[in-house]
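Everything numeric here is computed off the predicted structure, so don't read it as measured data. Lettering follows sequence order; numbering is per chain, from 1.
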Number of protein chains: 2
Amino acid sequence: MSKPVNPDSEARRPAPDARKERWRKHRQARRAEFVDAAIRALGKHGPDVGMDDIAAEAGVTKPVLYRHFTDKADLYLAVGHRGTELLFQRLVPALNTETAPRPRIKQSLTAFFSVIDEFPNVYRFITGRHLPAESDVVHEDKEMIAAALATLLGDYMRAFNMDSGGAEPWAHGIVGLVQNTADWWLDRQSMSREAVVDYLTQIIWAAIDGILRDAGATVDPDAPFELPGEAHLHAVPEPAETERETTRSSGGASA
Amino acid sequence: MSKPVNPDSEARRPAPDARKERWRKHRQARRAEFVDAAIRALGKHGPDVGMDDIAAEAGVTKPVLYRHFTDKADLYLAVGHRGTELLFQRLVPALNTETAPRPRIKQSLTAFFSVIDEFPNVYRFITGRHLPAESDVVHEDKEMIAAALATLLGDYMRAFNMDSGGAEPWAHGIVGLVQNTADWWLDRQSMSREAVVDYLTQIIWAAIDGILRDAGATVDPDAPFELPGEAHLHAVPEPAETERETTRSSGGASA
DNA sequence: GAGTATCTGTTACTTGAGGTAACGGTTACT
DNA sequence: AGTAACCGTTACCTCAAGTAACAGATACTC
């Protein structure tokens, strides 16, 4: 801000000084480290940890934390992104594998359940009511999954010359169906993981099959079914540990 | 605490003084009044209202509020109960009407959607991430609806000599399916209420029908289907505006 | 009617967690 | 050598939740 830049300087902006660049990777690593600490602290003190506790868990004091996260919400958002990353790493490949419908459903469910089974605390924290509204990452995630599902369903339906208007509500419905059942299962653990997954596979396929049937189509759930130009949920879309602007520039030069 | 009671006095505890009794109804009314104010204030200032604002909205100051609610969480819990009451008033009759399966599904969905359509702000607040975890009423509500659904499904399934193990996960699944779709619809409003309800009716019946079909049974969705000793979700189970203990007795005389 | 239990309400305070200011030290680029 | 970015600290500010302490009404009990 101190050196006045001439108007056309925007063209050659890269690296006026390497000292800034040098730290980029380091900062990301540090953020990740704090996210780990936050998760550990969350496990220790429960979901109402203070920033002091998190900082202590990371072996530093509060202001250090605030150099990397603008906010408690920002930190929790990063925790959320960590969860998203974990989930999508396993879910995306499962969803995108082009096999027969039913195994595809089942392997996607297995992916999902394996993640929440492995990190139940993180999952509960992220989906639970403990984070501030700004850190809500679940909504985005669900939107993303639902969007992928919607195009998938829509394509199938159009392939059968059906009206595809139901694709979107149904996609959101299926996402909710899975999540709510997962929450319930995680709470109760009243049956094995395989059992829930099987029950869910059954109901989801039953639903899809029923809808196809309503339109006069029948599909063998275990026969490979290829679609021209299949919809893909491309890798994890948010860079997960990307740092938000942390410096508090007091009012960025309007006009 | 000042007058020492003799040991056996617990037997004849009712009404030593009518002055206590006299106010009971009044307190309930007052609480309800504050709940109204809270909802109004929520509408005005958004979901991060302060207790001062709520008090002001009710025409009083904070301490008055705290005489009726132990806590912000307590107040929000009462707001939640109000919502539950609103919902169950319409949902319970719809669910319990014994008609053919499909119209029954549809009228239940219509009931649900009409409520959230009529009170979107309340709905969003209650289901959203703004209340403290202690005020979560949605979880209970969903459990209750799912439980009713589970017995219903279970009874049907047993009537067909099917294994009823799926009833519970499916019940929770359907609840989640509806809620998530409702959230999506409320956000986007990209189709009419009737349309979502129809799509949901279709997928839910498709799912149930498919499951029955897997077991070799077929049911006409529009033919009345009576079941011996049908499961009922009995009226709204929580007294909605019941007051929690508000007096802060400083440490109840241990030993 | 005197006494009092329970409400009505107020202003002024305490508390605690989130967040910040201001300082000093270290590394490695220019 | 100079400096731009980091490392880290202690001590503070802020603001909303929640509390103390006080004073006036109403309507029951004796």
Next on the checklist: Before you tell me yes or no, could you show the steps for B/Phe125 and B/Tyr76 under ring pair (Phe, Tyr, Trp, His ring centres under 6.0 Å), namely the whole-Å CA-CA distance, both residues' side-chain angles and the distance that decides it to 0.1 Å?
Outcome noted: CA-CA 10 Å; B/Phe125 175 69; B/Tyr76 283 169; 5.0 Å; yes
Calculate, to the nearest 0.5 Å, the distance between atoms CG and CG belonging to B/Leu109 and B/Leu91 respectively.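 Spacing of CG (B/Leu109) from CG (B/Leu91) equals 9.0 Å.
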Under 4.0 Å between a side-chain N or O of [X] and OP1 or OP2 of [N]?
X       : N     : value
A/Arg30 : D/dC7 : yes
B/His68 : C/dT8 : yes
B/Thr61 : C/dG9 : no
B/Arg67 : C/dC7 : no

Could you check how far [atom1] of [X] sits from [atom2] of [N], rounded to whole Å?
X       : N      : atom1 : atom2 : answer
B/Arg31 : C/dT8  : CZ    : C1'   : 18 Å
A/Tyr76 : C/dA17 : OH    : C1'   : 11 Å
B/Leu75 : D/dA17 : CG    : P     : 11 Å
A/Asp52 : C/dT20 : CG    : C1'   : 13 Å
A/Asp48 : D/dA17 : CG    : P     : 15 Å
A/Lys25 : D/dA5  : NZ    : C1'   : 18 Å
A/Met51 : C/dT20 : CE    : C1'   : 13 Å
A/Lys72 : C/dG19 : NZ    : P     : 8 Å

- request: Could you tell me whether the side chain of A/Lys62 has a donor or acceptor atom within less than 3.5 Å of a complementary atom in the base of C/dG19?
  value: yes
Q: May I ask you to check whether B/Tyr123 and B/Asp183 show a side-chain donor-acceptor distance below 3.5 Å?
A: yes
Closest listed nucleotide, where the reference is the side chain of [X] and the choices are [options]:
X       : options                : value
A/Asp71 : C/dA21, C/dG19, D/dG18 : C/dG19
B/His26 : D/dT19, C/dT8, D/dG18  : C/dT8
B/Arg27 : C/dC7, C/dG18, D/dT10  : C/dC7

Next on the checklist: Could you check whether A/Arg82 pairs with A/Asp36 (Lys NZ or Arg NE/NH1/NH2 to Asp/Glu carboxylate O, under 4.0 Å)?
Outcome noted: yes
Is B/Val60 touching bases, backbone alone, or none of the nucleic acid, heavy atoms closer than 4.0 Å? sugar-phosphate
Margin query: Taking A/Asp117's backbone N and O only, do any of them form a donor-acceptor pair with A/Arg193's side chain (distance below 3.5 Å, no angle check)?
Written below: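 No, the answer is negative, given that no donor and acceptor are paired below the 3.5 Å cut-off.
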